[in-house]
Amino acid sequence: MPVLRLAIPSPLRRLFDYLPPADISDEQVHGLKPGQRLRVSFGARSLIGYLVCLADTSEVPETKLKRALTLVDEEPLIPPTLVELCAWAVEYYQHPPGEVFSAAFPKTMREGGANRLEGVPGWRLTDRGLGLPAGALSRSPKQSKALAIMRCEEAVSKTALMERGISQNIMRELEKKGLVQKCLMPPPEPEFKPSPALEPTSEQASVLRALIAHSEGFSCHLLQGVTGSGKTEVYLQLIANCLQRDQQALVLIPEIGLTPQTLARFKSRFAANIVVVHSGLTERERYLAWEAARVGNAQIVIGTRSAIFTPLKALGVVIVDEEHDSSYKQQDGFRYSARDMAVKRGQIENAQVLLGSATPSLESLYNASRGRYTLHRLTRRPSGSQPPNISVIDIRRSELRAGMSEDLMAAIHDTLCKDQQVLLFLNRRGFAPTLQCHSCGWIAECQHCDARMTVHQKPASLQCHHCGANAPLAHQCPQCHSGDLITHGLGTEQTQAYLQQRFAQWPVYRVDSDSMQGKHAMQALTESISGGKPCILLGTQMLTKGHHFPGVTLVAIIDVDAMLFSTDFRGDERMAQLLTQVAGRAGRAQLPGQVLLQTHYPDHPLVQSMLTLDYTEQARHMLDSRLSSGMPPAGQLLIVRTDSESPLEGERFLLELERKVRNTMPDEIQLIGPLPSPMQRRAGKFRHQLIALMASRRDAKALAETMVKEAELGKSSNKLKWSIDVDPMDLY
Ligand code: ADP
Ligand code: ZN
Ligand code: ZN
């Protein structure tokens with residue numbers, strides 16, 4: 001009897017062996033395939049497990065092997081390629097298999113729900129049915145007739161079969177033989193006239209030609225195009241080509257709520273079924289989207305990070321827009337990079353992969369320079385508008401109001417008087433980052449974190465931006481009872497209030513996660529400013545994500561200095577990306593744009609390179625320094641992090657881990673730490689980290705495995721949590 005190796009939702013990093021359920025036939029046992037769900041008893045519970053592979057033997061003695069309880073699916077719901085992708089992620093990220101496989105199923109399916117079919121019920125042939133020679137089942141004319149009908153169509157509805165004299169009983173007979181399966185009928189073609197494709201510019205045309213020439217099979221491409229250069233148009237036309245070949249397109253974007261314009265553009269372009277997968281869906285919506293993608297009823301799937309696990313019937317192309325965006329990396333639990341998995345998925349499913357950005361990550365540029373990806377460039381905007389002119393406002397010794405100099409205020413005033421729009425960038429929400437007592441020096445700090453509470457005015461409160469703690473806004477110092485409390489620094493609330501008073505004739509819109517609550521907030525905002533009436537847009541990095549504000553001609557970064565002294569090794573890259581992205585919002589239409597950088601450090605190398613170099617040149621410098629320091633993308637990073645109730649526990653655990661792995665690993669690997677994390681206490685937990693840096697991917701893989709094995713052995717207390725992060729985004 002074969003041994004079933006299952007991924008079962010549990011924090012354990014291993015597969016679990018079971019024997020086939022007692023109630024299935026020998027034929028079913030031989031037909032078992034990876035991806036099928038089985039219900040099993042696991043400890044005291046009954047859980048859903050996913051069949052990963054079959055084996056002849058088990059390390060568990062035969063007498064101890066349990067039988068699975070039931071087989072849930074006759075046929076696997078996810079294709080073997082997706083099983084392979086999950087298995088790869090289990091190894092690469094050293095994450096528990098049960099949790100990885102869970103990512104490929106919607107909640108109802110994870111709970112063992114039957115594939116309840118919605119919409120018009122129909123039938124389709126299984127692989128087995130397809131393989132049957134014509135004229136088979138001749139002893140049962142009705143069944144044979146049904147098969148003949150099925151052979152002509154992808155799927156046939158229940159009613160269409162009835163009309164041709166085939167009852168549901170006959171279909172059920174065929175189902176028992178494993179020849180047909182129930183399915184959802186493809187929805188009727190939507191009746192609307194898609195908007196035509198734009199005539200590609202010569203740059204777009206040559207990129208498209210090159211991409212289409214490689215549309216068969218796996219290849220990976222990086223499209224670097226300045227903001228507004230028509231990357232999205234390239235995606236649309238590449239997808240059109242993919243749909244013509246009857247294949248599906250998977251499009252990843254950083255955040256759905258923030259890109260109503262992009263979605264609208266996709267929906268108006270194709271007379272195809274497009275499903276959108278994101279965290280705001282109800283369970284039912286999520287299931288329907290998943291099912292439509294899985295059976296091929298949806299031709300285009302657009303989604304955020306987790307959409308990379310959507311099963312697809314015939315994947316043709318995967319597009320990752322704004323591929324540099326850090327939201328593609330999950331920062332807790334299963335810490336995968338959806339961008340990197342997109343490339344892996346393309347490899348496994350023989351599909352084309354296109355990563356696009358105005359400011360590609362150094363990882364992707366490095367891969368392009370090594371010939372792993374093909375680099376394509378769009379250097380001009382189809383509108384013919386010029387790239388913005390960037391200059392510095394030196395604010396040393398100048399008087400600031402709500403963080404803004406008189407020079408900046410004059411530029412804002414000028415722009416508004418010319419009936420144009422202004423975009424101001426301030427990456428800090430709330431009213432002020434610090435509340436202090438002017439009499440005794442007390443500072444409002446979070447009780448759970450090594451951090452200060454941020455002052456908010458609407459509604460009045462103190463909030464911790466790290467753990468979410470909330471407290472009433474103090475009016476009296478808790479230490480000396482003085483009423484003389486002052487704030488330091490600024491956030492968007494304060495700057496907005498000042499701007500509203502100073503530029504009272506014009507609207508001031510604030511764009512941050514406090515003001516943009518609700519699904520439609522961003523859409524409402526873009527609608528109210530798309531008319532082009534003069535206004536001020538003030539926002540955090542939410543403003544930089546893929547929006548088109550064609551009426552904006554002045555962009556200013558209020559506090560460049562806040563970005564200059566990052567301790568993270570990716571600080572320079574993030575800053576260059578952010579500034580380039582913000583600057584790219586200016587002057588997208590016929591009007592030339594201007595970008596102003598307010599800083600106390602006009603000579604700082606990062607400020608200077610923003611002024612004199614384009615992103616490609618900046619990236620080359622940053623990459624050189626990464627290569628010489630051995631940091632990613634030149635080297636590989638792993639981090640083991642701990643969370644513990646007392647500061648000692650985490651440190652002790654990591655010291656022990658470090659001691660154990662140091663003896664067995666090659667000398668080339670650098671171990672750094674254990675060290676307290678930059679913010680040691682967060683949400684009441686003390687955090688430590690052990691970092692490993694090495695040149696070889698193979699070493700990284702081996703070390704990740706060893707570390708996980710040792711950490712699992714070394715863990716003694718329930719009060720300590722540890723995790724491993726392969727290719728971390730931050731060293732926090
Ligand atoms: P990106 O994705 O690079 O920011 P978009 O594809 O959104 O760029 O294009 C920016 C603007 O240029 C959009 O308004 C788009 O309609 C327009 N555009 C793109 N390609 C063309 C083209 N070939 N001809 C005319 N306008 C174009
Ligand atoms: Zn005080
Ligand atoms: Zn906190």
Side-chain angles (χ1 to χ4, degrees), residues 195-208 223-239 251 253-254 259 261-266 268-269 319-323 354-360 376-385 387 433 435-454 461-471 474-486 526 530 544-551 580-581 583-590 615 679-685 687:
S195 58
L198 301 173
E199 178 65 33
T201 61
S202 61
E203 274 190 335
Q204 285 171 325
S206 78
V207 172
L208 276 163
L223 175 57
Q224 179 179 6
V226 298
T227 28
S229 60
K231 293 183 292 298
T232 310
E233 188 59 34
V234 168
Y235 305 156
L236 291 167
Q237 300 200 18
L238 186 65
I239 292 172
V251 184
I253 59 181
T259 44
Q261 290 156 312
T262 311
L263 286 186
R265 223 162 130 195
F266 273 80
S268 70
R269 180 64 65 88
I319 295 172
V320 183
D321 189 25
E322 308 288 2
E323 65 86 32
L354 175 59
L355 313 178
S357 174
T359 53
H376 309 268
R377 283 217 171 87
L378 294 173
T379 58
R380 291 185 296 272
R381 295 172 172 181
S383 60
S385 71
L435 180 70
Q436 189 179 36
C437 171
H438 203 38
S439 305
C440 76
W442 167 85
I443 284 175
E445 285 174 342
C446 177
Q447 295 181 354
H448 316 286
C449 304
D450 292 334
R452 293 176 177 179
M453 299 290 272
T454 300
S461 61
L462 289 170
Q463 288 178 23
C464 173
H465 288 181
H466 304 282
C467 72
N470 216 305
H475 294 290
Q476 228 185 28
C477 170
Q479 202 164 272
C480 74
H481 307 294
S482 152
D484 194 5
L485 298 185
I486 53 174
T526 50
S530 65
T544 62
K545 303 209 170 181
H547 302 290
H548 298 250
F549 301 118
T580 309
Q581 294 279 349
R585 309 295 129 191
R588 298 188 57 146
Q590 308 323 319
Y615 182 78
M679 184 190 295
Q680 190 184 2
R681 201 168 60 106
R682 185 173 172 157
K685 295 279 171 26
R687 304 173 320 143

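For ligands, and for the atoms within them, numbers begin at 1 and follow the listed sequence.
- Geometry about the Zn ion (ligand 2) gives an angle of 110° between SG of C440 and SG of C480, rounded in steps of 10 degrees.
- Of all atoms in ligand 1, listed by their number and element, those nearer than 4.0 Å to a heavy atom of S229 are 3 (O), 8 (O).
- Not one N/O/S atom of H466, from backbone or side chain, sits under 2.8 Å from the Zn ion (ligand 3).
- One distance of note links CG of L198 with CD of Q237; it measures 7.0 Å at 0.5 Å rounding.
- Among G230, G228, S202, the residue whose heavy atom lies closest to atom 5 (P) of ligand 1 is G230.
- Ion pair R265/E233 flagged as a salt bridge, since at least one NZ, NE, NH1 or NH2 atom sits closer than 4.0 Å to an Asp/Glu carboxylate oxygen.
- The option with the heavy atom closest to atom 7 (O) of ligand 1, from among R265, K231, E233, is R265.
- Interface atoms of ligand 1 facing E199, defined by a heavy-atom separation under 4.0 Å, are 22 (C), 23 (N), 24 (N).
- In the displayed structure, Q476 atom CD is contacted under 6.0 Å by more than 12 heavy atoms of other residues, nucleotides or ligands.
- With rounding to the nearest 0.5 Å, the separation of CE in M679 from SG in C467 is 9.0 Å.
- In summary, C464 places an N/O/S atom under 2.8 Å from the Zn ion (ligand 3), meeting the contact criterion.
- In the vicinity of T201, heavy-atom distances shorter than 4.0 Å reach the ligand 1 atoms 23 (N).
- Residue contacts with ligand 1, taken as heavy atom pairs separated by less than 4.0 Å, involve Q204 solely via side-chain atoms from C-beta onward.
- Atom CZ of R269 and atom CD1 of I239 lie 10.0 Å apart (nearest 0.5 Å).
- The Zn ion (ligand 3) has C449 among its coordinating residues (N/O/S atom, backbone or side chain, under 2.8 Å).
- Rounding to the nearest 0.5 angstrom, the gap separating the CD atom in Q204 from the CG atom in L236 is 10.0 Å.
- From S229, atom OG reaches atom CG of L223 across 7.0 Å, with rounding to the nearest 0.5 Å.
- Of all the heavy atoms of T232, the ones lying under 4.0 Å from any atom of ligand 1 are found in both the backbone and the side chain.
- Within a 6.0 Å sphere centred on CZ of R452, other residues, nucleotides and ligands contribute 12 heavy atoms or fewer.
- Computed with the Zn ion (ligand 3) at the centre, the C446 SG to C467 SG angle is 110°, stated to 10 degrees.
- Under 4.0 Å from ligand 1, the heavy atoms of P200 that appear belong solely to its backbone.
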